[in-house]
Every structure is written in C-alpha cells, then in structure tokens.
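So that the names make sense, note that chain A is the first sequence line, chain B the second, and so on, each numbered from 1. Just so it is clear, the structure is predicted and the values come from calculations on it, not from any experiment.
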Amino acid sequence: ETGVTQTPRHLVMGMTNKKSLKCEQHLGHNAMYWYKQSAKKPLELMFVYSLEERVENNSVPSRFSPECPNSSHLFLHLHTLQPEDSALYLCASSQEGQGGHEQFFGPGTRLTVL
Amino acid sequence: DQQVKQNSPSLSVQEGRISILNCDYTNSMFDYFLWYKKYPAEGPTFLISISSIKDKNEDGRFTVFLNKSAKHLSLHIVPSQPGDSAVYFCAASLYTGGFKTIFGAGTRLFVKA
C-alpha cells in the first residue's frame, strides 16, 4: 500500500448505529487530518493530530470521536449520526516542520446516514 | 464566514487555450497558498503552492500568481488539456501549533477537445 488509504470507501448507516472510519498513511508523516466535504461546500476541517496529539478540533459535534493510536493510523468513530452528516469524509496527512504545507489525501469514505 | 472563496463554481475552456481559476481570501495572516486538483472518486491531490513572500510560482503548464494587496490568487493552466478537467480547490494555510488549512468550495474545470 502506498500513500493514504481509507476504509471503507462507502458506508450506509442508520441513525442509531455505531461505525468507525479508518485511515492509514504510508508516507512517514507526523500529522493527520479529518475533513468533511458536503455537496458544493468547502472542505471542512474537523480534527488535526500532530505527533499523535490532537491540536485542533473545529467545534465538531461529540457524535464524531477521533482516535489516533500512532502516527500512521487515524480513526473516526461515529455514533447516533444525523442525516445531515451524510458527506464525503477525507483523511489527509502531512509532514510538519519541512516548510511545505501540502497535505496528501486519501480517496475518502462516502457516508450516507438514513 | 468563508475565509477562502472561489466565486466561480465552474469554468469551460477550449483545449489549447488558457484556463484561469481565481481565489480570494480574507485573512492576511495566511502564509502559504495551495491549489489542489480532484478527480471523481479520488481525494484531492496537491498541484502547486506559493509562499506569501512570493508573487509567482511556475511549474510546467501551471502558474500561480499571488496579489497580497488584493488578497487574491489565481491559477493559470496553459495550454489546457482535456485531462485537466477536474475540480480545483484553492487553499490557504497558516501555522497555529499545527498547519491549519482552509479550503475554498472548488471550481469545476471543463476542457473541451
């Protein structure tokens, strides 16, 4: 595997379900991110982990719970979601401290909440 | 309040001509600007960037221009090719204990053969 991978690619869940999204980066980066992309809206930053510590939480509802067990893995735990949470969830990674700000994205998980 | 705005949701250009994608921002503290390209069913991929201390950066067919006084940047693609058809996201970044990157809503580019 290379780059940033995300599983599952598609997920349909009911409002009472609990599910988790997984992201893995194979680039040796030290920062990872969760973004939400709704139709015709900008990518919304949800969470940032730098050196496995959460440094940013953009007022995301508590029904979204991130977990970063190590620098290569990032999870987004989902519970009691709402239909408006249906969106594309993108994971990204970057190497902080080397000047560039570019992030490397995974293909995303298309989430549908019924 | 959107800090990064791409006011054109779509743009159609003939193959071989120049594509110009525009982006405006509001926060003068941004120190780095980036363009990403996204194909359907894929995540965004980094295309080109520019530091706030520069006004132009060129990479092959892609050139980014930054006008700090107007808080405006643009991406020029010349010549445009059908494979350039994608959604282009403008992004602005600053360091706040970690890189915080704000994205625009994207502009869908259609390059007609």
Under the ring-ring contact (aromatic ring centres under 6.0 Å, His included) test, residues paired with A:Phe104 that sit two or more places apart: A:His29
Crowding at NZ, B:Lys68 (>12 non-hydrogen neighbours, <6.0 Å): yes
CZ (A:Arg63) with more than 12 external heavy atoms under 6.0 Å: yes
I'd like to know if [Y] and [X] are part of one continuous hydrophobic network [Ile/Leu/Val/Met/Phe/Trp/Tyr, side-chain heavy atoms within less than 4.5 Å].
| X | Y | value |
| --- | --- | --- |
| A:Leu88 | B:Phe89 | yes |
| B:Val87 | B:Tyr39 | no |
| A:Phe75 | A:Val48 | no |
| A:Val4 | A:Leu111 | no |
| B:Ile20 | B:Leu73 | no |

Is any side-chain heavy atom of [X] closer than 4.5 Å to a side-chain heavy atom of [Y]?
| X | Y | answer |
| --- | --- | --- |
| A:Gln103 | B:Leu34 | no |
| A:Glu102 | B:Tyr36 | yes |
| A:Leu90 | B:Pro44 | yes |

Interatomic distance, B:Phe33 atom CZ to A:His101 atom NE2 [nearest 0.5 angstrom]: 10.5 Å
Residue part contacting chain A, namely of B:Thr45, when any heavy atom lies under 4.5 Å: neither
Under 4.5 Å from a heavy atom of chain B, the part of A:Arg110 involved: neither
Heavy-atom contact with chain B under 4.5 Å, split by part of A:Tyr49: neither
For chain B, which residues of residues 76-85 of chain A have heavy atoms nearer than 4.5 angstrom: none
